[in-house]
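Lettering follows sequence order; numbering is per chain, from 1.
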Protein chains: 2
Amino acid sequence: MTAAVSGWVGDGYDPQCPTRVLLDRVGDKWTVLVIGALADGPLRFTELRDRVGGVSGKVLTATLRALARDGLVIRTAYPQIPPRVEYSLTDLGRSLQTPLDVLRTWAEQHIAQVVAHREEFDEEHDQ
Amino acid sequence: MTAAVSGWVGDGYDPQCPTRVLLDRVGDKWTVLVIGALADGPLRFTELRDRVGGVSGKVLTATLRALARDGLVIRTAYPQIPPRVEYSLTDLGRSLQTPLDVLRTWAEQHIAQVVAHREEFDEEHDQ
DNA sequence: CGGTATCCCGTCAGATACTG
DNA sequence: CAGTATCTGACGGGATACCG
C-alpha cells in the first residue's frame, strides 16, 4: 500500500489509496480474466463470455461496466439490429498488463511452494 | 491467468490456476497491508493490529493464519505469561514484495487517470 | 444479440463478549 | 496479550426471466 508518510502502511484501509484502488479492481473475480481475454484484440460480449468461461451475463456486464468506468476498457456499440457491441482495451488497460504479467510470473514460479505448504499445514492442524 | 493451452485465458475460474490462487490471496482486503507491515521486521499481534489500522482482531487472526498456511508468514509463539507471539515474513513472503512493488508503482503512476475517468463517467451516466 | 430486473443464497467482515 | 465464540447485516455472485 502506498505510504501516507513513511514506510509502507499508510492509514490502513483507505479507499483513496492508489494501491487499494488497484487491488480492489484487480482482486475482482473476473477482472484479470477479462483483461487477459481482450489482450489479443476486441471482442464482442458473447465472445468474451465464452472465452472467460463460467461467468454469468449479469456479472460480466458488471465487470465490463466497472472496467469501462475506470478507463481500462472501451465499449463500442454499433447501432444495428441485432445489436453489436465490442469491447477493447484502452492504452491504460494495456499498460496494466505488465504488472499483471509480473504477478503471473511470480505465481508460476512460486505457487507450487504455496500449495505444498498448505497441504503440510493442513496435515498438522486438523485431526 | 495462466493459460491452459495457449493464449491467456485458460479454463476460466479454475481454483488450481496459479494466478488465481495468488490473486485470491493478494486480493484479500488485508493481506497486502500485513505483508507491507512486516516488511521492516517481525511484529507482535498487537503491533500489527495497530499498524494496519482498522482491522479487527478476528479478521487479522484469519489473515495471518491464511498467510502462515501459505508459507508466506511465520508465527512464533513464546510460551510466556502473558503470551508473546511474533509474526515475520518468510523468504517466500519477502519474494512476493517485488511483484507487489510493481503493482504499487503502476498504481501510483496511473490511478489518477482512473479516478479522473471515473468522475467523468459518473457525470455522464446519471442524473 | 446484449443486455436489465428480480430473487435467492452463501460467504464474510464487524461488533461484542469471553478465555488461558 | 493473543486469541476464540457467536451473532449480525451487507454484499457478491448465480439462476432465471424478460426487453429493445
Completion exercise
A/Arg44 has its side chain closest, among D/dG14, C/dC1, C/dA13, to C/dC1
Practice task
Mind calculating the distance between CD (B/Glu86) and P (D/dC1) to the nearest angstrom?
Solution key: 14 Å
Handout entry: Euclidean distance, atom CZ of residue A/Arg49 to atom P of D/dG13 [Å, nearest integer]
Key = 17 Å
Practice task
Answer yes or no: is there an ion pair linking B/Arg51 with B/Glu47, defined by an N-O contact shorter than 4.0 Å?
Solution key: no
Practice task
Report yes if at least one side-chain N or O of B/Arg65 is closer than 4.0 Å to OP1 or OP2 of D/dT4; otherwise report no.
Solution key: yes
Practice task
Between D/dG13, D/dA2, C/dG3, spot the one nearest the side chain of A/Phe45, thanks.
Solution key: C/dG3
Problem - Options C/dC1, D/dA5, D/dG14, nucleotide nearest the side-chain atoms of A/Pro82 - result: C/dC1
Exercise for the section: Establish, with yes or no, whether the OP1 or OP2 oxygen of D/dC1 is under 4.0 angstrom from a side-chain nitrogen or oxygen of B/Tyr87. Expected result: no
Practice task
Taking A/Arg20 for its side chain and B/Lys29 for its backbone only, find out whether a donor-acceptor pair lies under 3.5 Å.
Solution key: yes
Problem - Neighbour count >12 (heavy atoms, 6.0 Å) for atom CZ, A/Arg94 - result: yes
Exercise for the section: Could you say whether B/Val55 or A/Thr61 is positioned toward the 5' end of DNA chain C, judged by the nucleotide with the nearest heavy atom to each? Expected result: A/Thr61
Exercise for the section: Starting from P on C/dG2, measure out to OH on A/Tyr78 and report it in whole angstrom. Expected result: 12 Å
Problem - Between C/dG20 (P) and B/Ile81 (CD1): distance, integer Å - result: 11 Å
Practice task
In whole angstrom, give the distance that lies between atom CZ of A/Arg75 and atom P of C/dG2.
Solution key: 10 Å
Handout entry: Separation of C/dG3 C1' from A/Leu60 CG (nearest whole Å)
Key = 10 Å
Exercise for the section: Name the nucleic acid region contacted by B/Ser56, choosing base, sugar-phosphate or nothing; use a 4.0 angstrom heavy-atom cut-off, strictly under. Expected result: nothing
Problem - B/Trp106 side chain to A/Ser95 side chain, donor-acceptor N/O pair below 3.5 angstrom - result: yes
Handout entry: d(CG, B/Leu64; C1', D/dC1) in whole Å
Key = 14 Å
Practice task
Output yes when at least one side-chain N/O atom of B/Lys29 is less than 4.0 Å from OP1 or OP2 of C/dG14, else no.
Solution key: yes
Practice task
Nearest whole angstrom, please: distance from the P of C/dG2 to the CG of A/Asp50.
Solution key: 10 Å
Problem - 5'-most by nearest nucleotide on DNA chain D - A/Pro83 or A/Asp28 - result: A/Asp28
Completion exercise
Winner on side-chain proximity to B/Trp30, out of D/dG13, D/dG3, C/dG14, is C/dG14
Practice task
Could you work out which one of D/dC1, C/dC1, C/dG3 sits closest to the side chain of A/Val85?
Solution key: C/dG3
Completion exercise
From the candidates D/dC7, D/dG14, D/dG3, the one with an atom nearest any side-chain atom of B/Lys58 is D/dC7
Handout entry: Backbone N/O of A/Ile74 and side chain of A/Thr90: donor-acceptor pair under 3.5 Å
Key = no
